[in-house]
There are 2 protein chains.
Amino acid sequence: MTVAQVAKSKPSNTVNCADSETHLRPDGQDQYTISEVADFTGLSAHTLRWYERIGLMPHVDRSHTGQRRFSNKDLDWLAFVGKLRLTGMPVADMVTYAELVRAGDQTFAARQALLESTRVDVVNRIAELQDTLTVLDHKISTYACAHRAPERTA
Amino acid sequence: MTVAQVAKSKPSNTVNCADSETHLRPDGQDQYTISEVADFTGLSAHTLRWYERIGLMPHVDRSHTGQRRFSNKDLDWLAFVGKLRLTGMPVADMVTYAELVRAGDQTFAARQALLESTRVDVVNRIAELQDTLTVLDHKISTYACAHRAPERTA
DNA sequence: CGCTTGCTTCGAGCGCACTCGAAGGTCTTA
DNA sequence: TAAGACCTTCGAGTGCGCTCGAAGCAAGCG
């Protein structure tokens, strides 16, 4: 509830080192309907509403008639969530992270820990994939060989 | 049906270049019950039967009483399937590959193509993950910064 | 004013990859 | 020969991540 406001009151320095987020979108006006966001992110409107319902999005602003108005901050968040999704992190864990964010600054350490463990997962996954790649290449090369030596099928 | 026999009649040269498959298991006796295979692979007996049902396994030999007797070749296949699974390939696609294998030598080209396209997927996925890793590291470093500069919360 | 478009909520449905349970046959060991 | 483990098949159930449909409100246009 207040989270959105708080977020808005801090243009770009939620953290304050080498921060380069909140790239304003072309029109730069920080107000997007759900279908605009759907187009932009590739997620369906249904999915966006679902994300909010399950707590994977901070509560999105509403227009005076109750329609969602997404901000650039929301888009940034969605982009980040998209990255987490790529890591294969379960939605439930992303929700946990989102809850930490909503809980405020005192959860920095917990969030960092969560991201670090995710990082480890990603690194492992990459190693796994690279290993798989080796197997794949080996297999592919055997097919290539079979091509070159088509004799002795019997 | 005949597939199993054919497979067995070719000790280790299905393809014939630098072939180093079929590492005999400790007891080396080429006959495993479903629960042994389950232990070995980490898959459940249910899943193994399911793999066979959907055509992801060549039909497994049976004992005179109808119980499954897995061969080393089957274990090799399962290991390979495990790798494919790691790539995120849908089971349906693996079944397609399995069908190609069962169809015989004239599908070498198709199989090679399938593996090569999988290879591309894996490479892309790795790139994606590496990209994600960058984002993650950036985010983690901002948390680290926030720790070092705890002032200016207001 | 009525119509279309697009939003709202809620709850049900879907596809995937298993996962499990039931009912029954078989193998081994006492 | 009887108990208990372990196998068989078949079909139903589960959990996840969406995905969709229905019913209804609101804005904007001719």
Side-chain angles (χ1 to χ4, degrees), chain A residues 1 4 31-57 59-71 74 77-78 80-99 118 121 125 128 132, chain B residues 1 4 29 31-57 59-71 74 77-78 80-99 118 121 125 128:
Chain A
M1 284 195 173
Q31 290 268 56
Y32 310 91
T33 67
I34 199 168
S35 49
E36 283 167 340
V37 177
D39 285 355
F40 186 77
T41 61
L43 298 166
S44 74
H46 275 298
T47 300
L48 289 168
R49 289 190 205 104
W50 180 68
Y51 275 10
E52 189 180 346
R53 228 170 31 210
I54 64 174
L56 186 48
M57 287 284 301
H59 271 95
V60 176
D61 270 8
R62 304 296 155 124
S63 70
H64 65 106
T65 59
Q67 295 190 187
R68 285 173 184 80
R69 292 294 176 257
F70 290 77
S71 67
D74 293 328
W77 173 256
L78 281 171
F80 181 58
V81 163
K83 288 296 181 191
L84 290 185
R85 212 161 40 111
L86 285 181
T87 68
M89 180 188 276
V91 167
D93 292 0
M94 297 191 228
V95 170
T96 302
Y97 182 79
E99 278 163 359
T118 302
D121 291 347
R125 185 94 184 84
E128 218 172 55
T132 301
Chain B
M1 285 193 173
Q29 66 152 328
Q31 290 267 59
Y32 309 91
T33 66
I34 198 166
S35 50
E36 283 167 340
V37 177
D39 284 355
F40 187 77
T41 61
L43 298 166
S44 74
H46 275 299
T47 300
L48 288 168
R49 289 189 205 103
W50 181 67
Y51 275 9
E52 189 180 346
R53 228 166 36 207
I54 65 174
L56 185 48
M57 285 285 301
H59 271 95
V60 175
D61 270 9
R62 304 297 154 123
S63 69
H64 65 107
T65 59
Q67 296 191 184
R68 286 173 184 79
R69 292 293 175 257
F70 290 76
S71 66
D74 293 328
W77 173 256
L78 282 171
F80 182 58
V81 163
K83 288 296 181 191
L84 290 185
R85 213 160 42 107
L86 284 181
T87 70
M89 181 187 275
V91 166
D93 292 1
M94 297 190 229
V95 170
T96 302
Y97 182 79
E99 279 162 359
T118 301
D121 291 348
R125 184 96 184 83
E128 220 171 54

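Since the model is a prediction, treat every value here as computed from it, not as a measurement. Atom set for the values below is all heavy atoms of this structure, side chains included, hydrogens, waters and symmetry mates excluded. In what follows, chains carry the letters A, B, and so on, assigned in the order in which the sequence lines appear, proteins first and then strands, with residues in each chain numbered from 1.
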How close or far is atom [atom2] of [N] from atom [atom1] of [X], stated in whole angstroms?
X	N	atom1	atom2	value
A/Y51	D/dC16	OH	P	15 Å
B/Q67	D/dC6	CD	P	11 Å
A/H64	D/dA26	NE2	P	11 Å
B/D61	D/dT8	CG	C1'	16 Å
A/I54	D/dC16	CD1	C1'	11 Å
B/H46	D/dC7	NE2	C1'	11 Å
A/L56	D/dC18	CG	C1'	12 Å
B/L48	C/dA17	CG	P	16 Å

Touch class at under 4.0 angstrom, heavy-atom based, for [X] against every strand present:
X	answer
B/S35	sugar-phosphate
A/R68	sugar-phosphate
B/S44	nothing

Quiz item: Does any N or O in the side chain of A/T47 come within less than 3.5 Å of the main-chain N or O of A/L43, such that one atom is a donor and the other an acceptor?
Solution: no

Quiz prompt | Donor-acceptor contact below 3.5 Å, side chain B/E52 vs main chain B/R49 | solution = no

Practice problem: With rounding to the nearest 0.5 Å, note down the distance linking CD in A/Q31 to CG in A/D74. | Solution: 10.5 Å

Quiz item: Counting side-chain heavy atoms from C-beta on, which of D/dC18, C/dC18, C/dC7 comes nearest to B/R85?
Solution: C/dC18

Quiz item: Among the nucleotides D/dA26, D/dT8, C/dA17, which one has an atom lying closest to any side-chain atom of B/P90?
Solution: C/dA17

Practice problem: Between A/R62 and B/R53, just flag the one whose closest nucleotide in DNA chain C comes earlier from the 5' side. | Solution: A/R62

Quiz item: On DNA chain C, nearest-nucleotide positions of B/M94 versus B/R69: which is more 5'?
Solution: B/M94

Quiz item: Hey, does A/D61 have a side-chain heavy atom less than 4.5 Å from the side chain of A/R68?
Solution: no

Practice problem: Could you say whether A/M89 or B/A45 is positioned toward the 5' end of DNA chain D, judged by the nucleotide with the nearest heavy atom to each? | Solution: B/A45

Quiz item: Between A/W50 and B/R49, which is nearer to the 5' end of DNA chain D once each is assigned its nearest nucleotide?
Solution: B/R49

Quiz item: Quick one: is C/dA17 close enough that its OP1 or OP2 comes under 4.0 Å of any side-chain N or O from B/T47?
Solution: no

Quiz item: Looking only at heavy atoms, what is the nearest atom pair of A/G55 and A/A98, with distance?
Solution: O-CB, 3.5 Å

